[in-house]
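Below is one structure, written out as structure tokens, with a few remarks after it.
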There are 2 protein chains.
Amino acid sequence: MPETDPSARPPEPEPGPASTRERLLDAAAQLFLERGYAATGVAAVLEKAGVRSGSLYHFFRSKEDLLLGVLDRYIELLHPVIIAPVEALTDDPIERVFVLLGRYREFLLMTDCRLGCPIGNLALEISDTHEEARRKVVQNFENWCAAVERWLVDAGKRLPADVDRAALARYVLTVMEGGQMQAKAQKRIEPYDASVAGLRDHVLRLTANDE
Amino acid sequence: MPETDPSARPPEPEPGPASTRERLLDAAAQLFLERGYAATGVAAVLEKAGVRSGSLYHFFRSKEDLLLGVLDRYIELLHPVIIAPVEALTDDPIERVFVLLGRYREFLLMTDCRLGCPIGNLALEISDTHEEARRKVVQNFENWCAAVERWLVDAGKRLPADVDRAALARYVLTVMEGGQMQAKAQKRIEPYDASVAGLRDHVLRLTANDE
DNA sequence: GTCTATAGAGTGATAGAC
DNA sequence: GTCTATCACTCTATAGAC
């Protein structure tokens, strides 16, 4: 149903206070990250958003539907919040991979390694029990990997021709998630740093024949 | 309080039907793995164990205490169930690493990639909210890494002298957990295989100067 | 679109008989 | 050590006024 009156523009995304729906998504995203999906009660989301239950169930059919909304938003935010800033920081395609991992490091440090990766947490918690949410988690991972893969393709001959760029991109995600998990468990950044250092060493050896 | 009567041996671990405490731990471990900790109700544990709540609260002070029992049991089972069988399968210290990863692969396949790693799942779910459980998760990870590190030390000169064995062992855990997470999300073994293949390539390059 | 009030089921945990 | 019965609370979701 498109808006027929051309003077009334529909989204107006940024300016002014966030809409109720936005505040609900914000509150839910943060609580799901801090406590997990199952451990977060709808009441906590309502309180954090400053909203009553009637409003929540006006925008979302259920708590699970709210989760889907949160995962959709993560999909939307990937490029503007994660990928684009990295590409603005450096043009070197391989360095972009490590700048990306460096920004996850900053997030871990900012939160004292308490929270971890929002998608990774949800991936393990809901993949086996919430099929629709699982598919959106997969979409998040796929888009992330596709962006990294683009950089690896841009690296051209710096990587051996027989190195599968898509597989290497997934491997970068593996190292990020595995390192983040250990950092969260240990509440220390060192396991994450050690993981990224391992990947760095691997990539260094892959690009050793650099011209 | 040690048993003073020498004819009454205390543990008698294996024979006969499992004790009530054991059945509760079995049921809880499986449900926490299938549904997660928060999403598992005490009632479900009771039903699966065929026990009434009075018995559960005789052995465990709370649901959280039951979680600690599950994590303690994982610590106990690491060597007999995970490490020793791998060491029986091959003497080659580096191959042991990949046999270990191969056995996790078998478990993923047996469960259609639905469940993932019991410790990894709990690590992300409870690390920020259940401090005592978090410490037991860390102990699980530490013991796992220590076993892998021993193998890497046994590899001697096949690995360059400047390669930190402990760091590489943690990196193996990173790859296992990161790969397992993606396999669980995608419900396909391929992301796990790709992750292990990436590690294999890395280790191959590390041991390229093998005598 | 947001509010109040509440339904109805489920939660972790406890008391006390046996 | 295991049972039954039950408490006090929280959970997700809905109804209906405004």
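- Checked against side-chain contact (heavy atoms from CB on, under 4.5 Å), Ala167(A) has the following partners two or more places apart in sequence or in another chain: Asp164(A).
- Within the nucleic acid shown, Gly54(B) comes within 4.0 Å of at least one base atom, counting heavy atoms only.
- Nucleic acid contact class of Thr40(B) (heavy atoms, under 4.0 Å, all strands): sugar-phosphate only.
- Using cut-offs of 30° and 60° on the angle between ring planes, the pair His202(B) and His202(A) is parallel.
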Practice prompt. Decide side chain to side chain contact (heavy atoms under 4.5 Å, CB included) for Phe98(A) and Val203(A); before the verdict, give the C-alpha distance in whole Å, the side-chain angles of both, and the deciding distance to 0.1 Å.
Written response: CA-CA 10 Å; Phe98(A) 291 98; Val203(A) 171; 4.0 Å; yes
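- Think of the region where chain B sits on DNA chain C: with heavy atoms and a 4.0 Å cut, that region ends 5' and 3' at dG12(C) to dT14(C).
- Looking at heavy-atom distances under 4.0 Å, Ser53(A) makes contact with a base.
- Exactly one residue among Asp26(B), Leu31(B), Leu25(B) makes a side chain to side chain contact (heavy atoms under 4.5 Å, CB included) with Val45(B). That residue is Leu31(B).
- Here dT4(D) presents its P atom at 14 Å from CD of Glu47(B), a figure rounded to the nearest Å.
- Relative to the axis of its first five pairs, the axis of the last five pairs of the helix from dG1(C)-dC18(D) to dC18(C)-dG1(D) sits at 0°, rounded to 10 degrees.
- Residue-level contact check: Ser62(B) touches the backbone only, with heavy atoms under 4.0 Å from sugar-phosphate atoms and none from bases.
- With respect to the salt-bridge test (charged N to carboxylate O, under 4.0 angstrom), the residues Asp128(A) and Arg134(A) do not qualify.
- If you take CG on Asp154(B) and CD on Glu149(B), they are separated by 10.5 Å, rounding to the nearest 0.5 Å.
- Checking Arg52(A) against His58(A), the closest nucleotide of DNA chain C that is more toward the 5' end is the one next to His58(A).
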